[in-house]
Chemist: 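Below is a structure I'd like to ask you about.
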Amino acid sequence: MGSVIGSAGLAGCEWLRYDYNPTLIAQDRPESFTMWRYRQLLPIGDGPVRYPVPIGGTPLLPAPALRQTLGMPHLWLKDETRNPSASNKDRATALVLEDGLRRHIDTITTASTGNAAVATAVGAAAAGIRAVIFVSTDCQPDKLALMTQAGAWVFQVRHGYPAAVDLSRTAAHTFGWLDRNTGANPLTIEAKKTVAFEVWEQLGRQPPDVMITPVGDGPTLVALDKGFTELVHCGLATRQPRLIGIQAEHCQPLVRAWHGTPAQPAHLDPTATIADGIAVVRPAIGNAVLDAIHRSGGALTAVSDDALLSAVATLASRAGVGAEPAGAAALAGLEIAVEHGLADPAETVALLITGREMKANKATTRPDRMAIVETLDEVERFLAGDC
Ligand SMILES: *Cc1c(COP(=O)(O)O)cnc(C)c1O
């Protein structure tokens with residue numbers, strides 16, 4: 001394990017630090033290209049990885065037809081839809097569960113807009129750990145079906161995602177469960193930063209000029225910043241890419257904050273956008289996002305639902321990548337970034353494609369594993385029968 005020198009919670013935006021040096025990332029070809037390749041820059045102890053499913057090591061696609069359409073010869077797609085539960089949430093889930101397996105904790109909880117919950121349900125099933133999920137009552141039914149099919153307990157909370165986060169965090173604290181809430185557990189950032197290491201390796205140990213990513217709660221972008229910054233600290237890169245964050249027009253608290261313009265109610269309506277994966281009104285680590293964007297020389301911008309749908313169609317027809325609307329946000333934002341001079345078509349630009357389109361699957365919801373709740377007492381009573 002890399003020696004961790006100093007750590008703190010996410011609230012103070014202090015990150016885990018390591019004894020940075022170039023040997024922390026092996027130069028030889030990995031026999032298996034997964035996120036555990038970077039374990040010397042992850043806070044796990046020695047010994048074999050217990051988490052049983054390979055995570056990460058996703059392809060960086062050259063997408064020749066898309067390059068031609070856009071006139072961008074150095075465009076790349078980092079295809080995070082290839083993770084086992086079809087989103088970038090699998091990395092964070094795997095590291096939190098690895099920690100839980102090592103500490104013999106039998107239950108993991110998270111609140112989620114959907115994808116983190118699916119990743120947690122599926123990952124916990126693979127690890128043999130119980131998952132207790134909190135979502136808003138307007139969570140997509142298809143995603144609920146996937147969670148309960150994987151055996152998770154799912155609680156729907158009427159007052160939306162923020163209330164679900166409160167309940168999940170209180171439950172974790174009260175019952176000693178693993179807390180996978182994004183922005184609450186620093187392991188989520190540690191895991192997601194491996195995307196930066198992979199992109200750097202896949203480009204021949206060079207960072208791209210620009211990396212574009214959707215932004216919801218913030219950990220995906222903040223983790224990219226941490227990963228690329230750590231490569232510089234290790235002496236393995238001399239600069240980091242400009243980071244451009246994309247939000248949905250209907251839910252763009254950070255874009256407003258970035259431009260210093262007050263958000264109107266129409267800018268803060270998570271139910272109004274099709275980009276459910278990034279529809280977060282109070283981003284858990286919003287200040288860290290603004291800070292990372294500022295330091296990297298990047299920007300934040302918002303895209304319409306029409307632009308998201310068009311990006312989904314373009315990814316399918318010009319790159320053969322099936323993305324959900326939030327997962328295609330980086331492509332939707334690319335056009336605006338080029339228009340505004342934030343990215344040059346001749347530069348090396350990597351788009352993070354974060355989530356796969358929902359297949360018309362046959363997962364059936366298990367009503368016996370679901371309940372609408374408001375309090376922890378109700379949660380406890382519901383789970384009492386589960387021994
Ligand atoms: C979670 C998610 C993101 C980014 O979310 P952060 O909370 O900012 O890390 C992007 N796209 C999809 C599809 C997601 O599910």
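Values in this document were obtained by computation on a predicted structure and should not be read as measured data. Values below: every heavy atom of this structure, side chains too, minus hydrogens, waters and symmetry copies.
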Chemist: Counting N and O atoms only, with roles assigned by atom type, does the side chain of Gln247 sit under 3.5 Å from a partner on the main chain of Val255, one being a donor and the other an acceptor?
Modeler: yes
Chemist: Hey, does the side chain of Ser112 reach the backbone of Ala117 with a donor-acceptor pair shorter than 3.5 angstrom?
Modeler: yes
Chemist: Only counting residues at least two apart or in another chain, list the ones meeting ring pair (Phe, Tyr, Trp, His ring centres under 6.0 Å) with Tyr161.
Modeler: none
Chemist: Pairing donors with acceptors under 3.5 angstrom, does anything connect the side chains of Ser168 and Asn181?
Modeler: yes
Chemist: Hey, does the side chain of Gln206 reach the backbone of Leu203 with a donor-acceptor pair shorter than 3.5 angstrom?
Modeler: no
Chemist: Contact between Cys234 and Asn21 at the side-chain level, heavy atoms closer than 4.5 Å - yes or no?
Modeler: no
Chemist: Please check: side-chain N/O of Glu98 versus main-chain N/O of Ala94, any donor-acceptor pairing under 3.5 Å?
Modeler: no
Chemist: Is it true that Asp377 and Arg381 make a salt bridge, defined as a side-chain N closer than 4.0 Å to a carboxylate O?
Modeler: no
Chemist: So, Arg242 side chain and Leu342 main chain: donor-acceptor pair closer than 3.5 Å or not?
Modeler: yes
Chemist: When you measure from the side chain of Glu198 to the backbone N and O of Val195, does any donor-acceptor pair fall under 3.5 Å?
Modeler: no
Chemist: Check whether any side-chain heavy atom of Ile44 lies under 4.5 Å from a side-chain heavy atom of Arg50, and answer yes or no.
Modeler: no
Chemist: Mark yes or no for whether Asp269, through its side chain, and Thr271, through its backbone, hold a donor-acceptor pair below 3.5 Å.
Modeler: yes
Chemist: For the pair Lys143 and Asp276, find out whether any cationic side-chain nitrogen is under 4.0 Å from an anionic carboxylate oxygen.
Modeler: yes
Chemist: Is there a side-chain contact between Thr354 and Ser87, using heavy atoms and a 4.5 Å cut-off?
Modeler: no
Chemist: When you check the side-chain N and O atoms of Glu201 and Tyr38, is any donor under 3.5 Å from an acceptor?
Modeler: yes
Chemist: Are any side-chain N or O atoms of Thr273 and backbone N or O atoms of Ala275, one a donor and one an acceptor, separated by less than 3.5 Å?
Modeler: yes
Chemist: Mind telling me whether Phe155 and Phe382 have parallel, tilted or perpendicular rings, with 30° and 60° as the class edges?
Modeler: perpendicular
Chemist: Walk me through whether Leu144 and Met370 qualify under side-chain contact (heavy atoms from CB on, under 4.5 Å).
Modeler: CA-CA 9 Å; Leu144 290 176; Met370 288 178 52; 4.0 Å; yes
Chemist: Does Arg356 come within less than 4.0 Å of Glu324, counting only side-chain N to carboxylate O?
Modeler: no
